[in-house]
Visitor: 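Quick one: the structure is below, and I'll ask about it shortly.
Numbers here simply count residues along the sequence, with the first being 1.
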Amino acid sequence: MGRLSRWDAPAVTALLMLLLLLSPSPSASGKVTVSVYYEALCPFCANFIVYHLVKLFENGLITAVNLRMIPWGNAWIQPDGAFSCQHGPDECMLNAIEACTISIYPDTEKHFRFIHCVEGFTVQNRHNEWTKCFDIAQLSAIPIDCYRNGHGKLVMLLSSSPSSLCFLTLIMEAIEMQLEQSYAYETTQLNPPHRFVPWVIVNDKPLQEDYQNFMAYVCKAYNGSPAPDACRSIMLDDRHYLESANGGSQVCYVTSPRNTTS
């Protein structure tokens with residue numbers, strides 16, 4: 001069994017970096033936290049991201065918002081540890097790619113540009129062209145290496161007892177899995193549990209079916225002064241619920257059994 005006293009300095013440094021990576025990002029002081037739980041190939045998630053969430057950046061309201069993107073949605077973990085996704089293997093892959101992009105490019109504007117592009121292709125039924133989004137978003141393709149190296153899927157690294165000789169290798173193989181595992185855990189711990197995606201929470205308030213009205217909730221929750229200019233034209237109508245023409249909500253419901261990740 002490896003002991004802490006036997007680990008070399010690079011191994012300890014790698015562990016500290018891993019722990020920092022897994023720690024939740026603190027909300028910026030005074031900002032309203034908007035958490036978006038979604039999955040890459042849900043058409044309603046894509047529509048929300050491409051045509052509605054993007055308005056935060058277009059009208060400047062993003063300056064008052066701590067935007068968190070959580071790409072897991074209605075996925076679940078099989079007994080053997082494999083991930084399964086509502087819209088198939090491509091969705092699992094894109095969830096992990098987007099998780100890697102968020103990790104490698106923590107700047108909200110940078111990783112959102114990439115996610116917005118990928119979801120734009122999803123809206124157009126062209127999600128197989130997602131690799132073009134690195135050029136479109138003006139980012140390097142490092143997240144692909146993150147995904148291929150096993151840096152977005154969690155082997156229970158810290159529950160095993162690796163020796164110092166294999167510790168760094170295990171770290172690199174675990175990070176990508178840990179990213180998605182951490183999003184899975186966060187999603188399954190929601191209270192109340194999410195019933196569908198997109199599932200949008202403004203501070204601690206789940207917006208349920210009223211998710212497209214999220215900017216009004218942001219303006220209502222913002223306590224800073226002065227209020228953002230964008231809030232002058234945004235009104236909150238608590239009776240406004242989003243229904244499609246056939247009477248169904250514009251969401252992807254949880255339809256598959258999901259394991260807990262604790």
Visitor: Distance-only, no hydrogens or angles: does the Q86 side chain make a donor-acceptor pair with backbone N or O of Y253 under 3.5 Å?
Guide: yes
Visitor: Is it possible for you to say whether F121 and L139 belong to one hydrophobic cluster, with membership spreading through side-chain heavy-atom contacts below 4.5 Å?
Guide: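 No.
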Visitor: Atom CD of residue position E109 - does it have more than 12 heavy atoms of other residues, nucleotides or ligands inside 6.0 Å?
Guide: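 Result for CD/E109: open.
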Visitor: Is the side chain of R113 donor-acceptor paired with the backbone N or O of A137 at a distance under 3.5 Å, no angle test?
Guide: yes
Visitor: Under a plain distance cut-off of 3.5 Å, with no hydrogens placed, do Y217 and D210 share a side-chain donor-acceptor pair?
Guide: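 Present: a donor and an acceptor within the cut-off.
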Visitor: For Y38, which residues count as a ring-ring contact (aromatic ring centres under 6.0 Å, His included) partner, sequence neighbours excluded?
Guide: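 Listed in chain order: nothing, the list is empty.
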Visitor: From Y37 OH over to T187 OG1, what is the distance, rounded to the nearest 0.5 angstrom?
Guide: 6.0 Å
Visitor: State the CG-CG distance between N128 and D90, to the nearest 0.5 angstrom.
Guide: 5.5 Å
Visitor: CD1 of I136 to NE2 of H116: how many Å apart, nearest 0.5 Å?
Guide: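 Rounded to the nearest 0.5 Å, the CD1-NE2 separation comes to 11.0 Å.
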Visitor: Flag the pair Q181 / I77 as yes when at least one side-chain heavy-atom distance between them is below 4.5 Å, and no otherwise.
Guide: yes
Visitor: When you compare the side chain of V218 with that of L61, does any pair of heavy atoms fall below 4.5 Å?
Guide: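 In short, these two side chains touch, coming nearer than 4.5 Å.
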Visitor: Atom CD of Q208 and atom CG of N213: how far apart are they, to the nearest 0.5 Å?
Guide: 13.5 Å
Visitor: Could you report the tightest heavy-atom contact between Q250 and Y211, atom names first, then the distance?
Guide: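 Q250 and Y211 have their closest heavy atoms at O-OH, 2.6 Å.
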Visitor: Name every donor-acceptor pair, under 3.5 Å, that has one atom in a side chain of residues 40-56 and the other anywhere in the protein, sequence neighbours excluded.
Guide:
{"residue": "H52", "atom": "NE2", "partner": "Q212", "partner atom": "OE1", "Å": "3.4"}

Visitor: Looking just at side-chain N and O atoms, do H194 and N74 make a donor-acceptor pair shorter than 3.5 Å?
Guide: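 There is such a pair between these side chains.
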Visitor: Can you confirm whether or not the ring centre of W72 sits under 6.0 Å from the ring centre of Y185?
Guide: no
Visitor: With a 4.5 Å limit on heavy-atom distance, are the side chains of H127 and E119 in contact?
Guide: no
Visitor: Below 4.5 Å, heavy atoms only, C-beta onward: do E180 and F83 meet side chain to side chain?
Guide: yes
Visitor: Under 4.5 Å between side-chain heavy atoms, counting indirect links through other Ile/Leu/Val/Met/Phe/Trp/Tyr residues: same cluster for F112 and M215 or not?
Guide: yes
Visitor: Apply ring-ring contact (aromatic ring centres under 6.0 Å, His included) to F114 and list each qualifying residue two or more places apart in sequence or on a separate chain.
Guide: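 With sequence neighbours excluded, F114 shows a ring-ring contact (aromatic ring centres under 6.0 Å, His included) to F134, given in chain and number order.
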Visitor: Could you tell me whether the side chain of N203 and the main chain of T33 form a donor-acceptor pair under 3.5 Å?
Guide: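 Looks like yes, one N/O pair under 3.5 Å.
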Visitor: Restricting to non-hydrogen atoms, name the atom on C100 and the atom on L179 that form the minimum distance, rounded to 0.1 Å.
Guide: CA-CD1, 4.0 Å
Visitor: Between the main-chain N or O of K110 and the side-chain N or O of D107, is there a donor-acceptor pair closer than 3.5 Å?
Guide: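 Indeed, once roles are kept as given, a pair shorter than 3.5 Å links the two residues.
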Visitor: Side chain of T188, backbone of A184: donor and acceptor closer than 3.5 Å?
Guide: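 Checked: pair present.
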Visitor: Can you tell me how far NE2 of H111 sits from OG of S103, rounded to the nearest 0.5 angstrom?
Guide: 10.5 Å
Visitor: side-chain contact (heavy atoms from CB on, under 4.5 Å) for V36 and W199? Distances and angles first, verdict last.
Guide: CA-CA 6 Å; V36 180; W199 188 260; over 6 Å; no
Visitor: Would V65 and T108 satisfy side-chain contact (heavy atoms from CB on, under 4.5 Å), going step by step from the backbone distance to the final call?
Guide: CA-CA 10 Å; V65 169; T108 303; over 6 Å; no
Visitor: Answer yes or no: is there a side-chain heavy-atom contact under 4.5 Å between E39 and E98?
Guide: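 No, every pair of side-chain atoms sits at 4.5 Å or beyond.
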Visitor: Given side chains that start at C-beta, do those of F196 and T255 come closer than 4.5 Å, heavy atoms only?
Guide: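 Heavy-atom side-chain distance check fails, nothing below 4.5 Å.
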Visitor: Hydrophobic clusters here meaning ILVMFWY residues chained together by side-chain heavy-atom distances under 4.5 Å, can you tell me if L94 and V123 are in one?
Guide: no
Visitor: Please evaluate residues V34 and V200 with respect to the criterion side-chain contact (heavy atoms from CB on, under 4.5 Å), reporting the C-alpha separation (whole Å), side-chain torsions for both, the decisive distance (0.1 Å), and the verdict.
Guide: CA-CA 7 Å; V34 176; V200 180; 4.1 Å; yes
Visitor: Is there a path of hydrophobic side-chain contacts, each under 4.5 Å between heavy atoms of I, L, V, M, F, W or Y residues, that connects I97 with I142?
Guide: yes
Visitor: In Å and rounded to the nearest 0.5 Å, what is the CG to NE2 distance from N95 to H87?
Guide: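 The distance works out to 10.5 Å.
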Visitor: I'd like to know if the side chain of D80 and the backbone of A82 have a donor-acceptor N/O pair within less than 3.5 Å.
Guide: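 Judged by distance alone, yes, a pair lies under 3.5 Å.
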Visitor: Find out if a path of hydrophobic residues (ILVMFWY) with successive side-chain heavy-atom gaps under 4.5 Å connects V197 to V254.
Guide: no
Visitor: Which heavy-atom pair separates V32 from A221 by the least distance, and what is that distance?
Guide: CG2-C, 3.9 Å
